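Since this is a predicted model, take the numbers as computed values, not measurements. All values below come from the heavy atoms of this structure, side chains included, with hydrogens, waters and symmetry mates left out.
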Amino acid sequence: MMVTRAVSPFLPLCQRLLPDLPALPGRLTGISLTLLKATALEIAILAGHLLLYPYGIAQERRSGPAIPSPKTPGAAGCPESTDLQTASPTPQLPTRGSPPVVLLHGFIDNRSVFLLLRRSLAQHGRHQVVSLNYSPLTCDIRTGAELLGRHIEEICARTGSEQVDVVGHSLGGLIARYYVQRLGGDTRVRMLVTLGTPHAGTRVVPLANAHPIVRQMRPGSAVIEELALPSPGCRTRFVSFWSDLDRVMDPLETACLDHPDLSVQNVRVSGIGHLALPVHPAVATGIRQALDTTVPAAEAEKENRAGGLTVA
């Protein structure tokens with residue numbers, strides 16, 4: 001509002017040079033209100049998530065005895081990271097219908113961030129939903145992708161499904177993408193939905209570079225360069241949700257996935273920030289619609305679409 005008042009005295013002088021300038025105060029007001037609402041929503045979500053965070057620290061309980069997990073060497077300067085305990089796989093007959101959905105959280109987070117999304121998926125017929133925690137000791141996206149691959153193999157063995165769908169928030173989407181593109185995960189992942197994932201790297205918070213996995217999320221890092229390499233014949237379909245008010249993505253468009261060999265749909269979300277992407281009901285609806293969409297293989301190979309979603 002103060003910006004609008006400061007601009008108003010100069011409107012008559014600049015009107016001839018900028019014919020659209022009379023609409024500027026309204027536009028500035030609209031932008032300010034949208035940003036204010038998005039910021040307030042981010043604060044509210046953060047407060048609620050802090051309360052739920054302790055409930056998501058432990059891995060989901062599964063039937064069957066837990067098996068010891070092999071230790072995986074961490075990146076340079078980091079301790080060894082130990083794979084999370086998983087249930088002993090019990091092979092079952094192949095199942096028909098929708099594949100299981102695997103939810104993968106972002107940096108310094110856990111499965112509690114998907115509480116509302118999981119409930120929404122279950123209410124609309126997706127009853128095989130698994131929320132995974134990757135170890136907080138994981139300091140390498142490649143290591144996280146290997147652990148994800150082992151979890152997915154266990155899920156397929158336990159459910160009898162040949163494939164899964166994956167929804168990854170922020171770093172979780174990058175880990176899942178590495179698994180699909182670089183570790184042969186496209187045979188297991190039918191669709192990968194990413195929410196606010198820095199596909200091209202993000203420059204936000206330079207001081208966070210002390211953490212190795214943050215350095216891997218920077219533009220031009222070895223991991224980002226690997227993901228830009230050719231991926232001919234990749235069978236996984238990608239849907240990338242990105243927000244025009246996501247302050248964790250710098251630049252904003254880094255959350256768009258652009259790769260000539262991948263079948264991609266980028267969906268722009270207007271009016272919410274980074275933390276709201278896995279929580280907002282309108283985004284949950286968009287995720288469900290994406291997961292329920294069936295595209296013929298011949299058409300999917302040429303698919304590279306953009307969409308939009310206004311939630312505020």
Checking side-chain contact (heavy atoms from CB on, under 4.5 Å) against Thr39, which of Leu35, Leu36, Leu41 comes through? Leu35

Between Leu229 and Gln181, what is the shortest heavy-atom contact and its length? O-NE2, 4.3 Å

One thing to verify: whether Glu162 and Arg190 come together as a salt bridge, which I'm taking to mean a side-chain N less than 4.0 angstrom from a carboxylate O. no

Steps toward side-chain contact (heavy atoms from CB on, under 4.5 Å) verdict (Ser240, Gln265): CA-CA 6 Å; Ser240 176; Gln265 179 185 7; over 6 Å; no

For Thr143 and Cys139, indicate whether the former's side chain and the latter's backbone hold a donor-acceptor pair under 3.5 Å. no

So, are Glu146 and Arg150 salt-bridged, with charged N and O less than 4.0 Å apart? no

Side-chain heavy atoms under 4.5 angstrom apart, residues restricted to Ile, Leu, Val, Met, Phe, Trp, Tyr: same cluster for Leu50 and Leu116? yes

Do Val248 and Val267 sit in one hydrophobic cluster, given that two such residues count as connected whenever their side-chain heavy atoms are within less than 4.5 Å of each other, even indirectly? no

Over 60° means perpendicular and under 30° means parallel, so tell me whether Tyr134 and His105 are parallel, tilted or perpendicular. parallel

Is there a donor-acceptor contact under 3.5 Å from the side chain of Glu42 to the main chain of Leu275? yes

Heavy-atom side-chain proximity of Leu277 to Ile272 below 4.5 angstrom: yes

Which residues share a salt bridge (charged side-chain N to carboxylate O under 4.0 Å, His left out) with Arg247, sequence neighbours left out: none

To check you understand the geometry: which heavy-atom pair defines the closest contact between Ile141 and Ile213, and what is its length? CG1-CG1, 3.7 Å

Rounded to the nearest 0.5 Å, what's the gap from SG on Cys256 to CG on Leu252? Could you check? 9.0 Å

Test: Asp292 and Arg126 ion pair at under 4.0 Å: yes

Donor-acceptor side-chain pairing of Ser221 and Gln216 below 3.5 angstrom: no

Would Thr202 and Thr254 count as having a side-chain donor-acceptor pair, cut-off 3.5 Å? no

Rounded distance [0.5 Å steps], CG in Leu171 versus CG in Asp109: 10.0 Å

Heavy-atom closest contact (Asp261 atom, Ser231 atom, distance): OD2-N, 2.8 Å

Verify whether one side chain among Asp246 and His274 offers a donor that lies under 3.5 Å from an acceptor in the other. yes

Does any N or O in the side chain of Arg235 come within less than 3.5 Å of the main-chain N or O of Thr187, such that one atom is a donor and the other an acceptor? no

Could you tell me whether His199 and His259 have their ring centroids closer than 6.0 angstrom? no

Between OG of Ser170 and CG of Leu195, what distance do you get to the nearest 0.5 Å? 9.5 Å

Show the numbers, then the answer: is there a side-chain contact (heavy atoms from CB on, under 4.5 Å) between Phe238 and Arg177? CA-CA 9 Å; Phe238 295 82; Arg177 183 183 165 196; 4.1 Å; yes

Measure the spacing between CZ of Arg158 and NE2 of His151 and express it to the nearest 0.5 Å. 11.0 Å

Quick one, Arg268 with Ser270, criterion side-chain contact (heavy atoms from CB on, under 4.5 Å). Give me CA distance, side-chain angles, the key distance, then yes/no. CA-CA 6 Å; Arg268 174 174 176 169; Ser270 299; 3.9 Å; yes

